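Everything below concerns the one structure shown next.
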Amino acid sequence: MLFLEETKAIIESMLFVSPDPLSIEEIANIINIDAKEICFAIEEIQKEYKKEYHGFHLIDVAGGFVFATKVQYEQYIEKLLKPQINTLSHAALETLAIIAYKQPITRSEIELIRGVKVDKIVNTLVEKNLIEEIGRKEGPGRPIIYATTKDFLKYFGLNDLSQLPSMENFKNQD
Amino acid sequence: MLFLEETKAIIESMLFVSPDPLSIEEIANIINIDAKEICFAIEEIQKEYKKEYHGFHLIDVAGGFVFATKVQYEQYIEKLLKPQINTLSHAALETLAIIAYKQPITRSEIELIRGVKVDKIVNTLVEKNLIEEIGRKEGPGRPIIYATTKDFLKYFGLNDLSQLPSMENFKNQD
Amino acid sequence: MLQNKYQIKLENFEGPLDLLLHLIEKNEIDIYDIPIAKITDQYITYIRDIEQLDLDSASEFLVLAATLLAIKAKMLLPKPIKLLEEVEKDPREELVARLLEYKKFKEAAGLLKGRENEMHKVFLRKQDEEQLVNKFDPSNPVENISIYDLLQAFRIILEKTDNIEPVYEISKEKISIQQCIIIILAKLESNHKLLFTDLFPIGTSQTRVIVTFLALLELIKQNRIGFRQKGLFSRIVIYLKEDNLE
């Protein structure tokens with residue numbers, strides 16, 4: 001015979017570790033008490049976590065119950081879990097600019113303009129999904145040619161490459 | 001400006017999703033409030049979960065805070081998850097103990113104490129992320145030096161290395 | 001009791017020191033005053049079934065056996081007449097120190113074992129970090145950068161390029177630097193001035209871009225053209241040097 005406090009704690013510990021929603025049945029199979037009692041305990045737990053000072057609550061989903069964070073704290077969770085994005089270095093920005101305006105372009109062509117090796121930067125830009133390999137150039141060594149991605153347009157709020165500002169636009173912006 | 005209730009809820013939501021113990025600093029970086037306020041909120045959360053009707057509580061381990069189930073509900077969780085518990089071998093524990101107390105330490109220094117080769121065990125411990133290479137010792141052969149990791153603290157439920165029982169205690173046990 | 005002792009397998013010991021400690025405890029011996037002859041005999045009895053072990057660990061057990069035998073021999077030797085102030089060193093001293101050191105860590109291992117058991121009764125939430133992160137839209141890696149920053153970067157790089165010492169590339173494309181110079185000059189003749197950007201419309205082939213660059217550099221070097229820019233970020237105008245004289 002379990003007291004309500006203990007029943008609640010046991011159910012809570014199970015809900016806490018379970019990666020999937022737990023049904024009343026599954027809980028009953030483990031703690032061997034009446035389904036009605038379990039229902040009551042779960043209602044109590046739900047009530048408790050509805051309180052403002054809790055960051056997560058007990059939701060019923062897919063025929064079971066599962067703890068989930070409250071929607072309003074998503075921004076903090078996002079900040080916590082998302083890998084820190086460093087904004088582009090100056091060198092990376094320059095390289096991206098060259099690719100944007102001169103695409104399609106090979107690595108050695110970029111290097112010719114920038115006057116320095118760009119292997120690492122090009123790899124970083126590919127990883128950040130700002131540029132991508134779109135094929136190989138005919139000719140000796142068949143070098144990879146790069147172009148900007150759809151995400152590049154999305155991030156800069158462009159519909160297509162023709163919307164890239166020309167020098168004229170630039171002046172108007174000032 | 002956040003109210004205590006909200007601060008608590010935000011911290012709780014982060015603790016709920018974080019796979020690793022969260023330090024005060026990490027939390028402060030995300031919610032941009034005073035560390036003192038965070039400490040207070042965490043104390044409040046700890047107090048709350050100490051209550052009997054909660055199945056898990058907030059423990060401090062490896063320099064941070066993490067939610068963990070209460071020991072007394074182990075039997076139910078075991079039934080639910082049927083976890084495969086792999087314990088460390090005696091040889092691994094001995095080696096770990098030597099590293100924990102003598103760190104930073106080289107492999108041959110461990111071997112001198114244990115009187116046996118430890119290559120395989122050291123590799124296993126590195127794989128399990130309980131110890132790590134932290135550099136090389138100056139001198140002939142420049143041997144690798146090892147130290148315990150944060151996961152080591154987490155695994156044994158320690159907050160920091162100072163919580164290891166002191167060597168003096170062992171002598172008195174004779 | 002005695003028979004039980006001999007049933008213990010060598011594999012059950014973590015090493016030679018562990019075995020030795022076991023013998024000392026079994027015999028209830030004072031670790032600071034080990035009866036070496038007795039312990040050595042017992043130790044050697046234990047490692048008789050050494051053939052069952054792999055060579056590595058066997059050799060470790062044998063090394064200690066040799067050490068024990070050496071100590072035993074030393075203790076059997078007649079003691080030399082010693083001077084008054086000379087304190088005789090116990091041949092067991094070093095071994096005892098090693099045993100005590102090892103014993104400490106064996107105990108520490110036991111404590112860790114206890115903590116391990118405790119922690120196995122405690123469960124943390126299993127988080128699939130990757131899955132959690134995937135719930136969010138991919139981060140914008142250029143969050144603080146506007147398209148105009150990009151353009152500015154491009155302009156700067158173009159200007160920087162002007163300062164680079166010309167490297168003459170042998171172009172594989174049909175157009176040569178000389179031809180390009182002619183084209184630029186022709187454009188300047190008819191328009192008097194040109195916008196720098198007009199020379200690089202989007203879609204210009206790479207070789208063409210480079211050749212055009214080199215052509216411009218060549219023209220500057222020959223002092224036949226000049227660049228003019230009213231202010232920071234304003235457009236760059238290319239003009240014929242003759243114009244400048246006006």
Side-chain angles (χ1 to χ4, degrees), chain A residues 2-23 25-33 38 40-42 44-59 64 66-82 84, chain B residues 2-23 25-33 38 40-42 44-59 64 66-83:
Chain A
L2 294 169
F3 289 105
L4 177 61
E5 302 265 290
E6 205 181 351
T7 308
K8 274 165 69 181
I10 294 168
I11 294 172
E12 215 186 71
S13 72
M14 288 195 285
L15 287 166
F16 175 77
V17 294
S18 176
D20 299 308
L22 279 182
S23 69
E25 245 176 47
E26 285 170 296
I27 296 169
N29 281 340
I30 286 166
I31 56 178
N32 266 324
I33 60 169
I38 293 169
F40 184 68
I42 282 183
E44 291 271 304
I45 296 171
Q46 277 188 315
K47 225 185 281 169
E48 165 71 25
Y49 283 92
K50 268 192 189 134
K51 287 177 185 161
E52 267 195 354
Y53 56 80
H54 281 300
F56 50 91
H57 53 177
L58 190 61
I59 56 173
V66 69
F67 275 125
T69 55
K70 292 180 180 172
V71 184
Q72 61 263 46
Y73 305 119
E74 197 187 314
Q75 48 165 322
Y76 300 100
I77 295 163
E78 189 170 350
K79 261 198 222 165
L80 176 73
L81 296 179
K82 247 197 207 181
Q84 289 291 306
Chain B
L2 293 169
F3 290 105
L4 177 62
E5 304 265 291
E6 204 180 352
T7 309
K8 274 166 67 181
I10 293 168
I11 294 173
E12 218 186 68
S13 73
M14 289 195 287
L15 289 167
F16 181 77
V17 296
S18 175
D20 293 307
L22 278 181
S23 69
E25 259 168 45
E26 285 169 300
I27 296 168
N29 279 342
I30 286 164
I31 57 179
N32 262 325
I33 62 168
I38 292 168
F40 184 69
I42 282 183
E44 291 271 304
I45 295 172
Q46 279 188 314
K47 226 184 281 170
E48 165 72 25
Y49 283 92
K50 269 193 189 136
K51 288 177 184 162
E52 268 196 352
Y53 56 80
H54 281 300
F56 54 94
H57 55 174
L58 190 60
I59 58 171
V66 69
F67 277 127
T69 58
K70 292 181 181 172
V71 182
Q72 60 263 45
Y73 304 118
E74 183 210 359
Q75 46 166 323
Y76 302 102
I77 296 161
E78 227 148 62
K79 265 193 223 164
L80 177 72
L81 299 179
K82 297 180 188 74

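Small disclaimer: the values here were computed from a predicted structure and weren't measured. Numbers restart at 1 for each chain; the letters A, B, ... are given by sequence-line order, proteins then strands.
In terms of the side-chain hydrogen bond (donor to acceptor under 3.5 Å, both in side chains) criterion, residue partners of B:His54 (sequence neighbours excluded) are, by chain and number, A:Glu12, A:Tyr49, B:Glu48.
Using cut-offs of 30° and 60° for the angle between ring planes, the A:Phe56 and B:Phe67 rings count as perpendicular.
Atom CD1 of residue A:Ile31 and atom NZ of residue B:Lys79 lie 9.5 Å apart, to the nearest 0.5 angstrom. Atom OH of A:Tyr53 sits about 6.0 Å away from atom NZ of B:Lys8, to the nearest 0.5 Å.
The number of heavy-atom neighbours closer than 6.0 Å to NZ of A:Lys51, taken from other residues, nucleotides and ligands shown, is above 12. Heavy atoms of other residues, nucleotides or ligands lying less than 6.0 angstrom from CD of A:Gln72 number more than 12. The environment of A:Gln46 atom CD is dense: over 12 non-hydrogen atoms of other residues, nucleotides or ligands sit within 6.0 angstrom. Heavy-atom contacts from other residues, nucleotides or ligands closer than 6.0 Å to CD of B:Glu25 number 12 or fewer.
The nearest pair of heavy atoms linking B:Ala9 to A:Tyr73 is CB-OH, 3.2 Å. Between B:Ser13 and A:Gly55, the closest heavy-atom pair is CB-O, 3.5 Å.
Residue contact with chain A, scored on non-hydrogen atoms closer than 4.5 Å, is absent for B:Ala41. In this structure, chain A has no heavy atom under 4.5 Å from any part of B:Ile11.
Between chain A and the options B:Ile30, B:Asn29, B:Leu15, B:Leu81, heavy-atom pairs under 4.5 Å are most frequent for B:Ile30. No other option in B:Ile10, B:Leu22, B:Thr69, B:Ile45 has as many heavy-atom pairs under 4.5 Å with chain A as B:Ile10.
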